[in-house]
Amino acid sequence: MTVTSLGIPRRLLEFTIDGDPVRAPEGSTILDACRSAGKDVPTLCQGDTLTPKNACRVCVVEVEGARTLVPACSRKAEAGMEVRTDTERARHSRKVVLELLASSVDLSTTPEVAGWLKEYEAKPDRFGPDAARVDEQPRIDNDLYVRDYDKCILCYKCVDACGDQWQNTFAISVVGRGFDARIAVEHDGPLTDSACVYCGNCIEVCPTGALSFKSEFDMRAAGTWDESAQTETTTVCAYCGVGCNLTLHVQDNEIVKVTSPHDNPVTHGNLCIKGRFGYQHVQNRD
């Protein structure tokens, strides 16, 4: 017989979102409640396996009585709270944030951003051709994954995943200040000279494609990457007895990358180097 742990019951809070009464478990964030209520609030830096960092500020909403807009990803819901997600003030803030991000970095591989730019009538090119951009060339210094910092929005998710929230390798950090701030390994050197253990958990949480499988990067460069033609199959990693779940992304009968379900109680989206990158032997037909 299978026994399912229900956990400790949490008190339900009652408040309103855009005038509609909602109920959410105590400890939920406003973003959690919005999603449960079917309210679409955009976000880039929020991750379901990491502590919110409040970095991108795309998810800001208005809360009655609050002087400033609040990030829905980290602000806890409170009983009696009145939340408004689609006010002119919130929409204008999201528009400006999207314009600033899109004018400075490449968001072409960031899911949903094209739709948000259209929805909020954001015009990144209004800053003119002289707007400062990152304009950094992809760093290809190993055979497993590519660091394309021209797409990095400094959400810090890779830093947290590599640090005390998951891997505890601490190979990734932020260097520089102001516009010169960027993600890097120690001494901003090659990945092969760093403390990186190539678990790829930073790739799993990256929201923009700044970190990607070498296979995906090469296929995008060749124009052959097609997510609509890919199938996903979840299986169990055979390298050891831990029982990590792998989701195999297959295109044209070839595994093109490996992810892991975030709701799996064993992995929570995390893998080791063997689970994430050790799939080539499966399709070696020699």
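If you're wondering where the values come from, they're calculated on a predicted model, not measured in any experiment. For the numbers below, each heavy atom of this structure counts, side chains included, while hydrogens, waters and symmetry mates do not.
Judged purely by atom type and a 3.5 angstrom limit, N245 has no side-chain atom pairing as donor or acceptor with the backbone of V236. At distances below 3.5 Å, at least one donor-acceptor pair connects side-chain atoms of N201 with backbone N or O atoms of L271. Not one N or O on the side chain of T247 forms a donor-acceptor pair closer than 3.5 Å with the backbone of T234. When atom types are taken as modelled, the side chain of Q167 and the backbone of A161 share no donor-acceptor pair closer than 3.5 angstrom. Side-chain atoms of K76 come within 3.5 Å of backbone N or O of G27 as a donor-acceptor pair. R133 contributes a side-chain N or O that, together with a main-chain N or O of S103, makes up a donor-acceptor pair within less than 3.5 Å.
For the pair A102 and L117, the tightest heavy-atom approach, listed with the atom from each and the gap, is CB-CD2, 4.4 Å. Heavy-atom minimum distance, P111 versus T109: CD-O, 3.4 Å. Of all heavy-atom pairs between T16 and P21, the closest is CG2-CA, 4.2 Å. Of all the heavy atoms in K151 and S108, the pair that sits closest is CE-OG, 4.2 Å. Taking both residues in full, the closest heavy atoms of C45 and C155 are given as CB-CB, 3.6 Å, listed atom of the first, atom of the second, then distance. For the pair L69 and S93, the tightest heavy-atom approach, listed with the atom from each and the gap, is CD1-CB, 3.5 Å.
Within 6.0 Å of CG on N142 lie more than 12 heavy atoms contributed by other residues, nucleotides or ligands. For H262, the NE2 atom counts as densely surrounded, since its 6.0 Å shell holds more than 12 non-hydrogen atoms of other residues, nucleotides or ligands. Annotation: R23, atom CZ; neighbour count of heavy atoms from other residues, nucleotides and ligands within 6.0 Å does not exceed 12. Around NZ of K274, the count of heavy atoms belonging to other residues, nucleotides or ligands within 6.0 Å does not exceed 12. By the 6.0 Å contact criterion, CD on Q280 is enclosed, its count of non-hydrogen atoms from other residues, nucleotides or ligands being greater than 12.
In this structure the side chain of W166 reaches within 4.5 angstrom of the side chain of H268, judged on heavy atoms. Taking the side chain as every heavy atom from C-beta outward, I183 and V174 approach each other to under 4.5 Å. Counting heavy atoms from C-beta on, the side chains of P42 and R94 come closer than 4.5 Å. In this structure the side chain of E78 never reaches within 4.5 angstrom of the side chain of F15, judged on heavy atoms. The side-chain heavy atoms of F213 and I203, taken from C-beta on, include a pair separated by under 4.5 Å. The side-chain heavy atoms of I17 and D20, taken from C-beta on, include no pair separated by under 4.5 Å. Between M81 and E64 there is no side-chain heavy-atom pair separated by less than 4.5 Å. Looking only at side-chain heavy atoms (C-beta outward), L31 and R35 come within less than 4.5 Å of each other.
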Worked verdict on D141 versus R147 for salt bridge (charged side-chain N to carboxylate O under 4.0 Å, His left out): CA-CA 9 Å; D141 50 19; R147 298 176 291 163; 2.8 Å; yes
Worked check of side-chain contact (heavy atoms from CB on, under 4.5 Å) between R276 and L144: CA-CA 10 Å; R276 196 174 301 277; L144 299 182; over 6 Å; no
Intermediate values then yes/no, side-chain contact (heavy atoms from CB on, under 4.5 Å), N270 and T49: CA-CA 9 Å; N270 300 293; T49 63; 5.7 Å; no
Derivation and outcome, side-chain contact (heavy atoms from CB on, under 4.5 Å), residues T208 and V105: CA-CA 10 Å; T208 64; V105 300; over 6 Å; no
Worked verdict on C152 versus V134 for side-chain contact (heavy atoms from CB on, under 4.5 Å): CA-CA 9 Å; C152 179; V134 175; over 6 Å; no
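Rounding to the nearest 0.5 Å gives a distance of 6.5 Å between CD of Q46 and CG of D48. Distance SG/C196 to CZ/F170: 14.0 Å, rounded to 0.5 Å. Note: R89 CZ to T68 OG1 = 7.0 Å, rounded to the nearest 0.5 Å. To the nearest 0.5 Å, atom CD1 of residue I172 and atom OG of residue S194 are 8.0 Å apart. Atoms OG1 and CG, on T43 and D40 in that order, are 11.0 Å from each other to the nearest 0.5 Å. Taken from SG in C56 to NZ in K157, the straight-line distance is 9.0 Å, to the nearest 0.5 Å.
Qualifying side chain to side chain donor-acceptor pair (under 3.5 Å) partners for T85, counting only residues two or more places apart in sequence or in other chains: D18. C237 is linked by a side chain to side chain contact (heavy atoms under 4.5 Å, CB included) to Y239, C244, L246, counting only residues two or more places apart in sequence or in another chain.
For residues 208-218, every residue pair satisfying the salt bridge (Lys or Arg N to Asp or Glu O under 4.0 Å) rule, not counting sequence neighbours, is listed here: K214-D218, E216-R220, E216-K257.
Cluster annotation: L100 and V60 are assigned to distinct hydrophobic clusters (Ile/Leu/Val/Met/Phe/Trp/Tyr, side-chain heavy-atom contacts under 4.5 Å, transitive). Under the 4.5 Å side-chain heavy-atom criterion for Ile, Leu, Val, Met, Phe, Trp and Tyr, V22 and V63 are members of the same hydrophobic cluster. Cluster membership for V185 and Y198, using ILVMFWY side-chain heavy atoms within less than 4.5 angstrom, is shared. If you chain together hydrophobic residues whose side chains sit under 4.5 Å apart, L13 and V83 fall into the same group. Put simply, M219 and V282 are part of two different groups of oily side chains (I, L, V, M, F, W, Y) that touch within less than 4.5 Å, one to the next.
Between the side chains of Y149 and R182, no donor N or O sits under 3.5 Å from an acceptor N or O.
Using the six-membered ring where Trp is involved, F277 and Y145 have ring planes that are parallel, under 30° apart on the 30 and 60° scheme.
Only one option out of T259, T233, T231 pairs with H249 in a side-chain hydrogen bond (donor to acceptor under 3.5 Å, both in side chains); it is T259.
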